[in-house]
Asker: 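This is the structure I want to talk about, given as structure tokens.
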Protein chains: 4
Amino acid sequence: MRNIRKGTGESRRGKETILLILNSAKTILIEQGYSKLSMRKVAVGAEISVGNLQYYYPSKNDLLKDLLDHSIDEFMNEFERLRVGVNNDPELHLRSIINFIVLDLGNPTTTTFYPELWALANHDEYADKLMDQIYARVRLPLEDCITRINPKLSVEQVKKVALFISASMEGMTMFVGNGKVWNDSIKQMANIAIMSFLQMVKKITPEDIDKVL
Amino acid sequence: MRNIRKGTGESRRGKETILLILNSAKTILIEQGYSKLSMRKVAVGAEISVGNLQYYYPSKNDLLKDLLDHSIDEFMNEFERLRVGVNNDPELHLRSIINFIVLDLGNPTTTTFYPELWALANHDEYADKLMDQIYARVRLPLEDCITRINPKLSVEQVKKVALFISASMEGMTMFVGNGKVWNDSIKQMANIAIMSFLQMVKKITPEDIDKVL
Amino acid sequence: MRNIRKGTGESRRGKETILLILNSAKTILIEQGYSKLSMRKVAVGAEISVGNLQYYYPSKNDLLKDLLDHSIDEFMNEFERLRVGVNNDPELHLRSIINFIVLDLGNPTTTTFYPELWALANHDEYADKLMDQIYARVRLPLEDCITRINPKLSVEQVKKVALFISASMEGMTMFVGNGKVWNDSIKQMANIAIMSFLQMVKKITPEDIDKVL
Amino acid sequence: MRNIRKGTGESRRGKETILLILNSAKTILIEQGYSKLSMRKVAVGAEISVGNLQYYYPSKNDLLKDLLDHSIDEFMNEFERLRVGVNNDPELHLRSIINFIVLDLGNPTTTTFYPELWALANHDEYADKLMDQIYARVRLPLEDCITRINPKLSVEQVKKVALFISASMEGMTMFVGNGKVWNDSIKQMANIAIMSFLQMVKKITPEDIDKVL
DNA sequence: AATGAATGAGCGTTCATTCAT
DNA sequence: TATGAATGAACGCTCATTCAT
């Protein structure tokens, strides 16, 4: 919801237009993929002229940046809400985070948006940076739980365990996401994930992580 | 390595040209992403004319299909080699599979190629079908190990556990792959994965998987 | 003179550009034939960029449609003017129509444009529909004259006689048209046509038309 | 059935291939029009390679020439057969010629092939020359009949009357030809034509033809 | 007599972008 | 803010043609 050109999107009408643009862009990205995302199609989808689109976003890259920011904000806002009302039990908290993330993979937007983001991150610096930020943010509460459940792990080791858990869950996107073959098994996947990760966090030792074979 | 148009690629020279094309296409896909993959660029990379490229691959989609087939064949061939010399201990076998796959994520080709494939699979039927085939093939030895380690699980449950393990490992691609921030931690990730998955396979009960909360 | 894309050709400049395009297209169609009509050549002829041409006519077919409409409008407008100041004598009116149409065949545009249209009509639905409309319109006054000259003919028979007269005149295009071998004889052709058709309309009986041999 | 490159098409096999080529080309010309006629499509239709096609016809223009020759030969051969068994009555002979030509317009090949030829003749010298030859040949028997029916006409006037009759009949192609709206009325058109032309030939005077208004 | 391989130009079309209004 | 007009490059693709085998 932040655009590039200074002084644009400040009036109420402008803000509405920006929302129309971002929604159009996101729809295209999700339904057709990044390779089919064009300024023209975004303009048509937003029911404005190409000229006007370029008034708000002078270049396609500007639009992409704002689109990524905007899309991620939505996930983040939902994720933050998890915190509220969390009790003090780290194990329970870990369970609820895992549950939330795995079940979120069933969301049709998540299913298609994130693979696009990952592919993009391999070729686009901004997307790459953004990915780092999101997942670092997602790992924060994981790290907190892990530290409390297994205090013997060093800070670095906790980070790696959190990364493992987070990455593992992301990997399920392409298999249990919306419309995917295994979508019906999403609940069981969450169960396996909780069981697997919880056991591991409890039992894992510093040596398990850092041993060299 | 199989081209589309009848009667092309039959001479030695033709076969060489097809290889030049596929290598060029793969390089572009990996270095620049699918959205930048164009017939022109492939032709330039293969040092042939666009006309000649289209002589072998009448449409871009034909090229994409063959490129995916070709690229996946390479992984499959490597994966098949794992089988050879496998001992009878299912736990050891499971360890070696996990180890192989996680470490393969460090391969620069794997790191960038697979996210492209996942994104593609969301919009391209052929890519989707291919993904199903690859991962089904990858899960086969996993399912075999799991069944032998934990005989109490039903066939369906074994499949879900295998899917969980396979998907989890794929998820690490974007984080520990070649050039990624956590690339240095790839060995520890393999350790955590082995520890986590092995424990889970041993301990998990049918009820753990199918319980409804 | 009506373009396709909404919101284009609305400013004075846009309308001028559309005229430049149509003139360029018509010139190429007439001088080189439909098989040589390309968007690029039209753009060069109109001294605009290909991109701008496609801004007005998103597809070649859109341009062709408008070109046909536009070209036919010109003939129609001239043809309508015939009506004005027509006296009440059906025979005289018939003479003047025949004279007008046959002499119009000497027009260089008519000579080359109509054969293209006929060939096009065999493969293009829109051209076919348009042909039907033009010639139905041309036959209207013919049918009126014939009915008044020979009231014994049924409505259907009048239509067939009118069709015969109209079609016969069109057939001369390829022989007495501009630049054709017999172009010098166009006046005599008109004479023969008038004599032939007038006699026939006066003398023909319902039986002559519908007899089965 | 005559090709361009010296020494080709001399073996039995070569002659068969040439026939396959010409049939393929004619089918495409008739079904899709000249603008869609390409060497590639002809080769596919003839089930030979492009290279082999170009062995027989080094250039597209060579193929076109032979195609026109070949197609017109077919009509000519049929037309010559008319002569056989013709009695001495010029009026009867004229009727039979008119009848033959008008009814031939119902032939699907004639319907689509000739408009293509006319359009082509406007831009291609060879097609133009060929048209002259065919129609001059067609007018010969017409001129013979006219001279005998109406001996007062000069040689030049006879030629013009014959041209008028021939051209008139060609004009019906686009209206009563195969698949055309008025195809059902083809018999009545022949009746009207015979009545109209016969009357005219009998009654017309040198003054009718050459008068200047 | 026939094929497969290759080229280079041109095709219709889409694109990001610029700019005057 | 917003539109319509315009550009120039690139896209996937088809084409006529050449040539080695």
Side-chain angles (χ1 to χ4, degrees), chain A residues 7-11 13-14 16-17 36-43 48-61 63, chain B residues 5-14 16-18 36-43 48-63, chain C residues 5-14 16-18 36-43 48-63, chain D residues 5 7-11 13-14 16-18 36-43 48-61 63:
Chain A
T8 60
E10 297 195 339
S11 72
R13 196 174 178 196
E16 279 167 12
T17 304
K36 297 278 172 59
L37 183 73
S38 78
M39 296 298 268
R40 266 165 173 68
K41 285 182 186 163
V42 171
I48 60 171
S49 68
V50 187
N52 197 20
L53 168 56
Q54 236 123 2
Y55 168 75
Y56 288 100
Y57 297 102
S59 84
K60 188 183 174 181
N61 215 43
L63 169 58
Chain B
R5 197 178 258 178
K6 260 188 265 172
T8 61
E10 299 203 336
S11 73
R12 199 183 325 137
R13 195 177 177 196
E16 278 166 14
T17 305
I18 287 182
K36 297 281 171 56
L37 182 73
S38 79
M39 296 299 266
R40 267 165 179 72
K41 283 182 187 166
V42 172
I48 60 171
S49 67
V50 187
N52 198 20
L53 168 54
Q54 232 117 5
Y55 168 73
Y56 290 100
Y57 297 102
S59 83
K60 188 184 175 180
N61 215 43
D62 294 329
L63 170 58
Chain C
R5 197 176 260 178
K6 260 189 265 173
T8 61
E10 297 202 338
S11 72
R12 200 184 323 137
R13 195 175 176 198
E16 279 165 13
T17 305
I18 287 182
K36 297 282 172 57
L37 183 74
S38 80
M39 297 297 268
R40 267 162 178 77
K41 284 183 185 165
V42 171
I48 60 171
S49 68
V50 187
N52 198 20
L53 168 54
Q54 233 118 5
Y55 169 73
Y56 289 100
Y57 296 102
S59 84
K60 188 184 175 181
N61 214 44
D62 293 330
L63 171 57
Chain D
R5 191 178 269 180
T8 61
E10 298 194 339
S11 73
R13 195 171 178 199
E16 278 166 13
T17 305
I18 286 184
K36 297 279 172 59
L37 182 74
S38 77
M39 297 297 268
R40 264 163 174 71
K41 284 182 185 163
V42 171
I48 59 171
S49 69
V50 188
N52 197 20
L53 168 56
Q54 236 124 2
Y55 168 75
Y56 288 100
Y57 297 103
S59 85
K60 188 183 175 181
N61 215 42
L63 170 58

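Protein chains get the first letters and strands the later ones, always in sequence-line order, with residue 1 at the start of each. All heavy atoms count here, side chains included; hydrogens, waters and symmetry mates do not.
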Asker: Once hydrogens and angles are ignored, does a donor-acceptor distance under 3.5 Å link the base of E/dG4 to the side chain of B/Arg13?
Answerer: no

Asker: Using atom OH of D/Tyr57 as one end and atom P of F/dC15 as the other, report the distance to the nearest whole Å.
Answerer: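 Between P of F/dC15 and OH of D/Tyr57: 20 Å.
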
Asker: Over all heavy atoms of both residues, which pair between C/Leu53 and C/Ala43 is shortest? Give the atoms and the distance, please.
Answerer: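 Nearest heavy atoms, C/Leu53 then C/Ala43: CD2-N, 3.9 Å.
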
Asker: Whom does F/dC15 pair with, Watson-Crick or G-U wobble, provided both distances fall under 3.5 Å?
Answerer: E/dG8

Asker: Does D/Tyr55 put a side-chain nitrogen or oxygen below 4.0 Å from OP1 or OP2 of E/dA2?
Answerer: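 No.
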
Asker: Name the nucleic acid region contacted by D/Leu37, choosing base, sugar-phosphate or nothing; use a 4.0 angstrom heavy-atom cut-off, strictly under.
Answerer: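 Touches sugar-phosphate only.
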
Asker: Under 4.0 angstrom, heavy atoms only, what part of the nucleic acid is B/Gly51 near: base, sugar-phosphate, or nothing?
Answerer: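 Base contact.
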
Asker: Nearest heavy atom decides the nucleotide; on that basis, is B/Met39 or C/Gly14 closer to the 5' end of DNA chain F?
Answerer: C/Gly14

Asker: Once rounded to the nearest 0.5 Å, what's the spacing between atom CD of C/Gln54 and atom NZ of C/Lys60?
Answerer: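 Reported to 0.5 Å precision, the distance equals 11.0 Å.
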
Asker: Taking only the side-chain nitrogens and oxygens of C/Thr8, find out if one of them lies under 4.0 Å from OP1 or OP2 of F/dG4.
Answerer: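 Result: no.
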
Asker: Once you apply a heavy-atom cut-off of 4.0 Å, does A/Ser49 come out as touching a base, just sugar-phosphate, or nothing?
Answerer: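 The residue A/Ser49 makes base contact.
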
Asker: F/dC11, OP1 or OP2 - any side-chain N/O from B/Ser38 closer than 4.0 Å?
Answerer: yes

Asker: E/dT3 C1' sits how many Å from D/Tyr56 OH, rounded?
Answerer: 13 Å

Asker: Ignoring backbone atoms, establish whether D/Thr17 has a side-chain N or O less than 4.0 Å from OP1 or OP2 of E/dA1.
Answerer: no

Asker: E/dA1 pairs with which nucleotide, Watson-Crick or G-U wobble, both distances below 3.5 Å?
Answerer: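 Checking every strand shown, E/dA1 finds no partner, since no pair has both distances under 3.5 Å.
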
Asker: Out of F/dC13, F/dA5, F/dC15, which has the shortest distance to the side chain of D/Lys41?
Answerer: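 Shortest atom-to-atom distance from the side chain points to F/dC15.
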
Asker: Judged by each residue's nearest nucleotide on DNA chain E, which is more toward the 5′ side, A/Val50 or C/Gln54?
Answerer: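 Its nucleotide being nearer the 5' end, the pick is C/Gln54.
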
Asker: Which nucleotide, E/dA5, E/dT17, F/dT17, lies nearest any side-chain atom of D/Lys60?
Answerer: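 Closest nucleotide among those given: F/dT17.
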
Asker: Could you state the atom-to-atom distance from CD1 of B/Ile48 to P of E/dT7 in whole Å?
Answerer: 7 Å

Asker: Between C/Asn52 and C/Ser49, is there a side-chain donor-acceptor contact under 3.5 Å, judged purely by atom types and distance?
Answerer: no

Asker: Kindly give the heavy-atom pair with the smallest separation between C/Thr8 and C/Tyr55, and that separation in Å.
Answerer: CG2-CZ, 3.4 Å

Asker: Select one nucleotide: of E/dT13, F/dG12, F/dA16, the one nearest the side-chain heavy atoms of D/Arg40.
Answerer: F/dA16

Asker: Identify the heavy atoms of D/Ile18 and D/Tyr56 that sit nearest to each other, and give their distance.
Answerer: CG1-CD2, 3.6 Å

Asker: Which heavy-atom pair separates D/Lys41 from D/Lys36 by the least distance, and what is that distance?
Answerer: NZ-O, 3.2 Å

Asker: Is there a side-chain contact between D/Ser59 and the phosphate of F/dA16, meaning an N or O under 4.0 Å from OP1 or OP2?
Answerer: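 Indeed not, no polar side-chain atom of D/Ser59 lies that close.
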
Asker: Is D/Asn52 near enough to E/dA1 that one of its side-chain N or O atoms lies under 4.0 angstrom from OP1 or OP2?
Answerer: no

Asker: Can you work out whether C/Lys36 or B/Leu53 has the more 5'-proximal nearest nucleotide on DNA chain E?
Answerer: B/Leu53

Asker: Applying the Watson-Crick and G-U wobble criteria at under 3.5 Å, what pairs with E/dA20? Answer none if nothing qualifies.
Answerer: F/dT3

